[in-house]
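This report refers to the structure that appears directly beneath it.
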Amino acid sequence: MVVAQSPKQQGSGGKLKFLNKVHDFGTIYRDTVLSAKYTFVNVGTKPVRIESVHPDCQCTKYELSRPELMPGDSAYITLFLNTENKLGPQRIYSVVKADTYERMYKLTLLVDVDVPLEIE
C-alpha cells in the first residue's frame, strides 16, 4: 500500500538537530544583556532553509549565522536577552521556522533576575 504525502507533509528532506534548545543563566542582576548560542546541524539528505526566528518578547533579539544549510552543515542562532525591567524567574521562548518536516523548533532562555543590594 502506497500512501501519498502532501508537499507540506514531506518537508524538504532536510532535518535539523539542535545540540541545545534550553539555556539556563541561573541568577543574574537586572539591567544586564545576556547572550546564548544555539547550534544546529542539517542531519537530513537535502538543503534546509531557516525561514524565520520569532522571539516572544521585545526584550530578545537574535542573530542567525546563516539561513541555508546543506546536508551535514551546521549553523547557530545567538539570542540576546535584555533584562531591563525584568524581575524574578523568566522563561523566554523563541520559535525557529524552517522548511523541514518538523516546521517549528522552540528555543528557551531561563533566568532568575535579581536586583543588587544597595548599601547605604
Exercise. Step by step, work out the side chain to side chain contact (heavy atoms under 4.5 Å, CB included) result for K37 and S65.
Key: CA-CA 10 Å; K37 188 176 186 177; S65 66; over 6 Å; no
Self-check item: side chain to side chain contact (heavy atoms under 4.5 Å, CB included) between H23 and Y38, worked out
Solution: CA-CA 8 Å; H23 188 92; Y38 297 86; 3.5 Å; yes
Practice problem: With side chain to side chain contact (heavy atoms under 4.5 Å, CB included) as the test, would you mind laying out the steps for Y76 and E63 before giving the verdict? | Solution: CA-CA 8 Å; Y76 60 88; E63 286 181 4; over 6 Å; no
Exercise. Give the intermediate values and the outcome of side chain to side chain contact (heavy atoms under 4.5 Å, CB included) for residues D114 and I28.
Key: CA-CA 6 Å; D114 200 358; I28 57 92; over 6 Å; no
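Across all non-hydrogen atoms, the minimal contact from S35 to T78 is CB-CG2, 4.1 Å. Closest approach of Q58 and K61 over heavy atoms only: O-NZ, 3.3 Å.
Atoms NZ and NE2, from K106 and H54 in turn, are 15.5 Å apart once rounded to the nearest 0.5 Å. Interatomic distance, OG of S74 versus CG of L19, reported as 8.0 Å (0.5 Å rounding).
Applying the side chain to side chain contact (heavy atoms under 4.5 Å, CB included) rule to D112 yields the partners T27, P89; only residues at least two apart in sequence or on another chain are considered. D56 meets the side chain to side chain contact (heavy atoms under 4.5 Å, CB included) test with I92, Y93; sequence neighbours excluded.
No side-chain heavy atom of L109 sits under 4.5 Å from any side-chain heavy atom of Q90. Looking at K97 and I50, their side chains never come closer than 4.5 Å, going by heavy atoms from C-beta outward. Residues L87 and V115 meet the side-chain proximity criterion, which asks for heavy atoms closer than 4.5 Å. Contact check for P71 versus T45: no side-chain heavy atoms found under the 4.5 Å cut-off. Two residues are said to be in side-chain contact when any heavy atoms from C-beta on lie closer than 4.5 Å; T83 and C59 fail this criterion. Side-chain contact check for L107 versus V96: some heavy-atom pair is nearer than 4.5 Å. The closest side-chain heavy-atom distance from Y62 to P55 is below 4.5 Å.
Note: the hydrophobic cluster containing F18 also contains L69 (ILVMFWY, side chain heavy atoms under 4.5 Å, direct or indirect links). Taking hydrophobic clusters as Ile, Leu, Val, Met, Phe, Trp and Tyr residues chained together by side-chain heavy-atom distances below 4.5 Å, M70 does not share a cluster with L16. If you chain together hydrophobic residues whose side chains sit under 4.5 Å apart, L64 and L79 fall into the same group.
One finds no salt bridge joining K86 and D31 here, because no Lys/Arg side-chain nitrogen approaches an Asp/Glu carboxylate oxygen to under 4.0 Å. A salt bridge does not link E102 with K15: none of the charged nitrogens is closer than 4.0 Å to a carboxylate oxygen.
Y105 and T100 share a donor-acceptor pair across their side chains, judged by distance under 3.5 Å alone.
Among the candidates T60, I77, V95, the single residue satisfying the side-chain contact (heavy atoms from CB on, under 4.5 Å) test with V53 is I77.
Environment of NZ in K21: crowded, with over 12 heavy atoms of neighbouring residues, nucleotides or ligands closer than 6.0 Å. Within 6.0 Å of CZ in R30 there are more than 12 heavy atoms belonging to other residues, nucleotides or ligands.
A donor-acceptor pair is defined here as one N or O able to donate and one able to accept, closer than 3.5 Å; such a pair exists between the side chain of N82 and the backbone of E84. Between the side chain of R49 and the backbone N or O of A98 there is no donor-acceptor pair closer than 3.5 Å.
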